[in-house]
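The analysis underlying the following values was restricted to heavy atoms, covering all of them including side chains, and did not include hydrogens, waters or symmetry mates.
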Amino acid sequence: MKHASLYIMVYITALAATLIAALLTFSSCERRPLEESFYETARLMVEIDWAASGLDPDNDPAGDLYSASIWVFAKEGTPFQGKNYNVFPLEDPRGGVIEVPPGHYALIIHNNYYDPDKGISEFSQNVAFRFDAERPYETFEYYALPDNSTTGRFVTPAGQARILPPDRLVAWHLDEFEVTKEMIATTRPMIQTRTDVGQPIVIHAAPQPMLYTCHVIAHVNNISSAKASLAILNGMAGSVFPVTGIVGPPATGYVFSMNNRRYDEDSQRNGTIEATFYTFGPLSADIVNTLHLDFTLVEEYDGQVLYPTPPATPFQFNVTPQVDQQNHHIEIRIGFGSGSNPDPYESVELPQLNVEGQFDVWVNEWGEEQPVEVPV
């Protein structure tokens with residue numbers, strides 16, 4: 001029994017020594033974080049400065065900056081569950097952390113969340129995004145959907161679609177960045193105490209305006225005879241490519257209400273109507289831009305409430321010289337004479353009805369009445 005006990009003790013001692021040696025050998029090897037063995041993505045911190053875009057996450061009454069979208073496009077392969085792109089929503093438009101596997105990528109950031117695969121959009125139903133599945137980054141396009149719900153009596157040139165003004169878009173892009181396997185280790189929290197461990201790679205973004213603001217104002221004699229006005233601006237672009245800033249065909253007509261009326265200082269009959277909206281901008285110098293105005297009167301005139309009285313067509317103005325590209329702003333003026341932009345037109349003339357100083361109060365298209373001095 002003594003020999004058996006001695007044998008067992010020797011065996012146990014030898015086994016313990018073997019285990020200790022194995023542990024020492026393992027500990028002497030280069031230590032690799034355990035996370036590296038199962039994490040497949042690196043953490044990237046995207047910080048967004050909206051100052052150059054004109055948007056402010058702390059002051060957003062128009063709802064142009066509910067959130068942000070980060071589109072990541074793979075240069076090769078399909079690392080995103082069989083897709084070569086992925087869109088990451090940011091609830092805080094100031095930025096956030098996204099997780100990306102190793103590879104070469106391009107990136108587009110824009111205001112508000114849009115995910116076509118999930119059917120989510122914080123934009124209106126008038127706009128959408130599209131791209132070629134083979135080259136999604138280069139062909140990424142923001143465009144307006146055709147709309148025929150509010151057409152009025154307008155005639156658009158052949159081949160031109162009618163659209164409603166698009167939602168505001170600001171965007172930023174990065175042509176290429178690389179995520180390496182080493183970034184997985186350096187951007188993940190580890191037990192080891194190192195200053196660079198667990199800190200995400202930082203990408204700084206500064207979105208820029210992608211659209212033009214367009215201000216249309218017209219002086220109208222006997223504006224008190226009208227309760228509403230509808231307009232269309234033809235010959236404009238229908239989309240924009242955020243990567244290049246190039247606007248896309250086909251030419252389109254923007255349908256909008258002239259929704260603000262202001263009387264002249266010395267009159268309760270004559271005044272101005274105006275509207276401000278977003279547009280993709282001019283399409284080509286070879287395309288004529290025309291503005292059409294149609295009015296609904298407060299009572300019948302020659303048996304009709306529409307003016308010009310059918311079968312006459314709406315007022316038409318060639319505004320091509322006024323549709324320029326200065327600081328992403330377009331200014332169109334009708335009935336003001338010469339100025340910074342050519343305006344060869346006289347005031348729009350409506351019939352004088354026995355309704356001086358009145359308008360239909362239920363029509364919410366009119367803004368608050370304000371007197372304005374009309375330059376001579």
Side-chain angles (χ1 to χ4, degrees), residues 150-155 164-165 213-234 253-279 289-323 329-376:
T150 308
T151 58
R153 299 185 293 153
F154 302 124
V155 176
L164 298 178
T213 55
C214 182
H215 178 235
V216 181
I217 183 169
H219 188 258
V220 182
N221 290 333
N222 297 313
I223 187 59
S224 60
S225 298
K227 67 178 181 181
S229 176
L230 197 63
I232 187 170
L233 177 62
N234 285 326
Y254 290 72
V255 180
F256 58 96
S257 297
M258 297 289 279
N259 56 4
N260 280 313
R261 172 168 66 172
R262 301 181 182 182
Y263 286 113
D264 297 347
E265 268 193 344
D266 58 351
S267 173
Q268 285 298 300
R269 285 188 177 274
N270 308 327
T272 61
I273 53 174
E274 60 184 314
T276 301
F277 55 92
Y278 289 103
T279 167
N289 302 111
T290 57
L291 175 70
H292 305 252
L293 295 177
D294 201 13
F295 292 87
T296 301
L297 304 178
V298 296
E299 62 182 32
E300 288 188 1
Y301 178 78
D302 285 346
Q304 294 281 345
V305 293
L306 294 178
Y307 195 84
T309 306
T313 58
F315 295 100
Q316 178 175 328
F317 309 92
N318 185 338
V319 295
T320 306
Q322 300 189 53
V323 179
H329 180 73
I330 296 171
E331 184 76 17
I332 298 175
R333 299 167 64 86
I334 302 296
F336 291 92
S338 60
S340 57
N341 290 317
D343 173 18
Y345 299 107
E346 300 293 333
S347 297
V348 177
E349 195 76 33
L350 298 183
Q352 181 175 332
L353 302 179
N354 189 28
V355 287
E356 184 174 354
Q358 300 177 11
F359 66 97
D360 200 335
V361 295
W362 62 265
V363 177
N364 58 12
E365 293 166 338
W366 294 117
E368 181 180 356
E369 296 178 25
Q370 299 181 26
V372 61
E373 183 177 353
V374 180
V376 177

Without swapping roles, check the side chain of [X] against the backbone of [Y] for a donor-acceptor pair under 3.5 Å.
X	Y	result
N222	L350	yes
S229	F295	no
S225	L353	yes
Q322	R333	yes

Between [X] and [Y], is any pair of side-chain heavy atoms under 4.5 Å apart?
X	Y	result
S347	N270	no
F336	T272	yes
P351	L297	yes
D294	P308	yes

To check you understand the geometry: which heavy-atom pair defines the closest contact between [X] and [Y], and what is its length?
X	Y	result
S267	R269	OG-N, 2.9 Å
N289	V323	OD1-CB, 3.7 Å
A226	R261	O-NH1, 3.4 Å
M258	A218	CE-N, 4.3 Å
V305	E300	CG1-CG, 3.8 Å

Which distance, rounded to the nearest 0.5 Å, do you find between the [atom1] of [X] and the [atom2] of [Y]?
X	Y	atom1	atom2	answer
Q304	T296	CD	OG1	11.0 Å
Y254	L291	OH	CG	14.0 Å
T276	E331	OG1	CD	8.0 Å
T279	L233	OG1	CG	7.0 Å
C214	H329	SG	NE2	7.5 Å
N318	N234	CG	CG	11.0 Å

(message) Side chains of N260 and E274 only: does a donor on one sit below 3.5 Å from an acceptor on the other?
(response)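 E274 and N260 do not have a side-chain donor-acceptor pair below 3.5 Å.
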(message) Regarding H292 and T290, do their side chains bring together a donor and an acceptor under 3.5 Å, going by distance alone?
(response)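 There is such a pair between these side chains.
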(request) Check the angle between the aromatic planes of F317 and Y345 and answer parallel, tilted or perpendicular using the 30° and 60° thresholds. (result)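 Because their plane-to-plane angle is over 60°, the rings of F317 and Y345 count as perpendicular.
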(request) Test H219 against every option in V348, I334, D264, I273 by the side-chain contact (heavy atoms from CB on, under 4.5 Å) rule and name the one that passes. (result) D264
(request) Assess whether side chain to side chain contact (heavy atoms under 4.5 Å, CB included) is satisfied between L230 and F154, documenting all intermediate values. (result) CA-CA 9 Å; L230 197 63; F154 302 124; 3.8 Å; yes
